[in-house]
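Every chain is numbered from 1, with letters handed out A, B, ... down the list of sequences.
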Number of protein chains: 2
Amino acid sequence: MTEQPAQTTTAGDPATARGEQTRQLIRDTAMRLFRERGYAQTTMRAIAQEAGVAVGNAYYYFGSKDHLIQEFYAQSQVEHRAAAQPVLDREEAFGPRLAGVLHAGIDVLTPSHGFAATFFKTAAEPTSPLSPFSAESSGPRQAAIDLFGEVLTGSTAKVDAELRPQLPELLWLAYMGVILYWVHDRSPGQTKTRQLIDGAVPLVDRLVALSRLRVLRPVTRQVLDLIRTLRH
Amino acid sequence: MTEQPAQTTTAGDPATARGEQTRQLIRDTAMRLFRERGYAQTTMRAIAQEAGVAVGNAYYYFGSKDHLIQEFYAQSQVEHRAAAQPVLDREEAFGPRLAGVLHAGIDVLTPSHGFAATFFKTAAEPTSPLSPFSAESSGPRQAAIDLFGEVLTGSTAKVDAELRPQLPELLWLAYMGVILYWVHDRSPGQTKTRQLIDGAVPLVDRLVALSRLRVLRPVTRQVLDLIRTLRH
DNA sequence: GTCGGTAGTTGAACACGTTCAAGAAGGGCG
DNA sequence: CGCCCTTCTTGAACGTGTTCAACTACCGAC
C-alpha cells in the first residue's frame with residue numbers, strides 16, 4: 001500500500017506537489033548516509049533526524065528502507081547513460097563500444113562499492129520490487145537495455161538478423177553478470193572486474209560475429225529458441 | 001563470534017555433547033516452520049516456542065536466524081548427492097549424467113521453492129557467511145563441486161586436458177545459474193527451469209566436445225586463462 | 001474570510017532479531 | 001558428599017524497521 005504520491009509528475013510541471021522538496025531532501029540525506037556509513041548502519045531514525053523530519057515522514061515518500069535503494073538504482077542508471085555518451089560518440093566498432101559502456105557502468109558504481117554490495121542482496125530477492133527483473137523497476141531496466149541497444153545500432157558490426165532483436169537484452173544480462181562479479185570482487189579497486197570486461201568483450205564480439213556463419217546457424221537458432229522459451 | 005559448539009563432531013561419537021538433542025530439535029522445528037510459513041513469517045520467538053526452549057537458547061546453537069539457512073543448505077546438498085546416485089549409476093554419457101544431476105538438484109529443492117526463493121537473497125550478499133562463495137560454506141560447496149567432478153569422471157566424454165580440471169567448478173557455477181533462474185521461475189511447477197536444463201545441457205555438451213578441436217584451441221585457452229585470472 | 005478537503009507531518013507504539021547478565025544442570029575429583 | 005568448572009538455559013532489555021491515528025498546513029470554492 002502507501003503509494004508513492006507524485007502521480008502528478010506525469011509531464012513537465014515545474015513546481016509540482018508541495019512535498020517534492022521534502023522528498024528530495026530525504027532522498028539526498030539517505031544517499032549521503034548510505035555512502036558514509038553503509039546501508040545496514042544507516043537507520044531510518046538517523047536519516048529522518050539528519051533530514052530534520054519525523055521518521056513517519058520518510059515512510060510517506062518511500063514505502064520502506066529498501067525503496068530508498070531503488071532511488072539509488074534510478075540515479076545510477078541516469079549517471080551511467082551520461083557517462084556512456086562520450087564512448088558512444090567516439091567509438092564505432094562494436095567491441096570498444098561495449099567495453100566502454102561496461103566500464104562506464106562500473107565507473108559510476110565504484111564510489112558506492114562498499115554499500116552497493118550489501119544492498120544488491122535485496123535486489124536478488126525475486127519477490128522484492130527491487131529485483132532488476134521486477135515490474136516495479138521496469139523503467140530503469142528498459143533504459144539500461146536501450147543503452148545496449150545504442151551500443152549495437154551505432155556500431156559497424158554486422159549481426160545475425162535473428163539475433164539482433166534479442167541482443168540488447170542479452171548484453172544487459174551480461175552486464176548484470178558483470179555487476180554480480182563486481183559485487184563480490186575484493187581485489188583492490190575492483191581491478192579484476194576490469195579484467196573481466198576486457199577479457200570477456202572480445203569473446204562476446206567474436207561470438208556475435210560467428211553467429212552469422214552458415215555452419216553455426218543451427219546452433220544460433222537453437223540458442224535463440226531456448227532464450228525465447230525462457231523469457232517470462 | 002559465537003562459534004558453533006559441536007567441534008566435537010569430528011568423527012562418529014554417538015552421544016556427543018549434551019546439547020546435541022536441543023540443537024537438532026531447534027533445527028528441525030525451524031525447517032518445519034520455514035516450510036509451513038515461509039522464512040520471513042517465521043519468527044525466532046515462534047521457533048523457540050514451538051521447540052519448547054527460550055529464544056536465547058536458539059542463539060546458543062545458531063549465531064543468527066540466517067545461520068539456520070545454512071543448515072538447510074547443507075541438508076539439501078546431502079539430499080542432492082543421494083538423489084544423484086541413481087543417475088550416476090545408470091548413465092554413462094556426459095550429457096545425460098549432467099542433466100540428471102541438475103534435475104536431481106531441482107527435485108530436492110522443489111518442495112521448498114516458496115521459502116528457498118526468499119532466502120537466496122541472503123546468499124547473494126557477498127559479506128554474508130551464507131554466500132555460496134564464502135569461506136564459511138566451503139564445505140557444502142566443495143561437496144557440490146565434487147559431485148560435478150563425478151559427473152565428469154564417470155562419463156565416457158573426452159575432454160580437453162586443460163579444461164578438465166576447471167570443468168567441475170564451471171559446471172557448479174552453471175548449476176548456481178540454474179538455481180538463480182529457478183528462484184525467479186514463476187511458471188507452474190517451475191517447468192521452465194526444466195526446459196532450461198534440457199535446452200542448455202546439449203549446448204554445454206557440444207561446447208565441451210568442441211573444446212578439443214584444434215581450430216578452437218586458442219579460444220579455449222583464452223577462456224581458460226580469463227577464468228584462472230578471475231578466480232579469487 | 002471561512003469552510004472543507006487533500007497533502008503533508010508527527011511521534012508514540014508494535015513486532016521483530018539480537019544480546020547478555022544471571023542462573024541451572026551436569027560431571028569429574030578430592 | 002562438596003567443590004569447581006564447563007556446558008547449557010533463561011527471559012528481560014535494546015535497537016531496529018514499520019505502522020497509524022492524530023494533527024497541521026495549504027488551497028480552492030463559495
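For Tyr60(A), a side-chain nitrogen or oxygen approaches OP1 or OP2 of dG8(C) to under 4.0 Å. The side chain of Thr22(A) places an N or O atom within less than 4.0 Å of a non-bridging phosphate oxygen (OP1 or OP2) of dT9(C).
With rounding to whole Å, Phe62(A) atom CZ is found 15 Å from dT19(D) atom P. One atom, OH of Tyr61(B), and another, P of dT7(D), lie 11 Å apart when rounded to the nearest Å. Distance Gln21(A) CD to dC26(D) P: 12 Å, rounded to the nearest Å. Atoms CG (Asp66(A)) and C1' (dG17(D)) sit 10 Å apart, rounded to a whole Å. Taking atom CD1 on Ile26(A) and atom P on dT9(C), their separation rounds to 7 Å, with Å as the unit. The CD atom of Glu20(A) sits 18 Å away from the C1' atom of dA25(D) (whole-angstrom rounding).
Contacts of residues 42-53 of chain A with DNA chain D (heavy atom under 4.0 Å): Thr42(A), Thr43(A), Met44(A), Arg45(A).
For an aromatic pair to be called close, the ring centres must be under 6.0 Å apart, and Phe115(B) with Tyr39(B) fails this. For Phe72(B) and His67(B), the distance between ring centers is not under 6.0 angstrom.
Looking at Trp182(A) and Lys192(A), their side chains never come closer than 4.5 Å, going by heavy atoms from C-beta outward.
Between Arg81(A) and Glu150(A) a salt bridge is recorded (basic side-chain N to carboxylate O distance below 4.0 Å). A salt bridge between Glu71(A) and Arg23(A) is present, with a side-chain N of the basic residue lying under 4.0 Å from a carboxylate O of the acidic one. Classification of Arg194(A) and Asp185(A) as a salt-bridged pair fails, no side-chain N sitting under 4.0 Å from a carboxylate O.
Listed candidates were dT18(C), dG11(D), dT9(C). Nearest to the side chain of Ala54(B) is dG11(D).
Ring geometry, Phe148(A) versus His80(A): the interplanar angle exceeds 60°, so the pair is classed perpendicular (tilted spans 30 to 60°).
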>> With side-chain hydrogen bond (donor to acceptor under 3.5 Å, both in side chains) as the criterion, how do Gln85(A) and Asp89(A) come out once you've worked through the C-alpha distance, each side chain's angles and the decisive distance to 0.1 Å?
In response: CA-CA 6 Å; Gln85(A) 192 57 52; Asp89(A) 290 342; 3.0 Å; yes
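Using a distance-only test at 3.5 Å, with no hydrogens or angles considered, a donor-acceptor pair links the side chain of Ser187(A) to the main chain of Thr191(A).
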What protein N or O atoms touch nucleotides 20-28 of chain C N or O atoms at under 3.5 angstrom, if any, and at what distances?
none

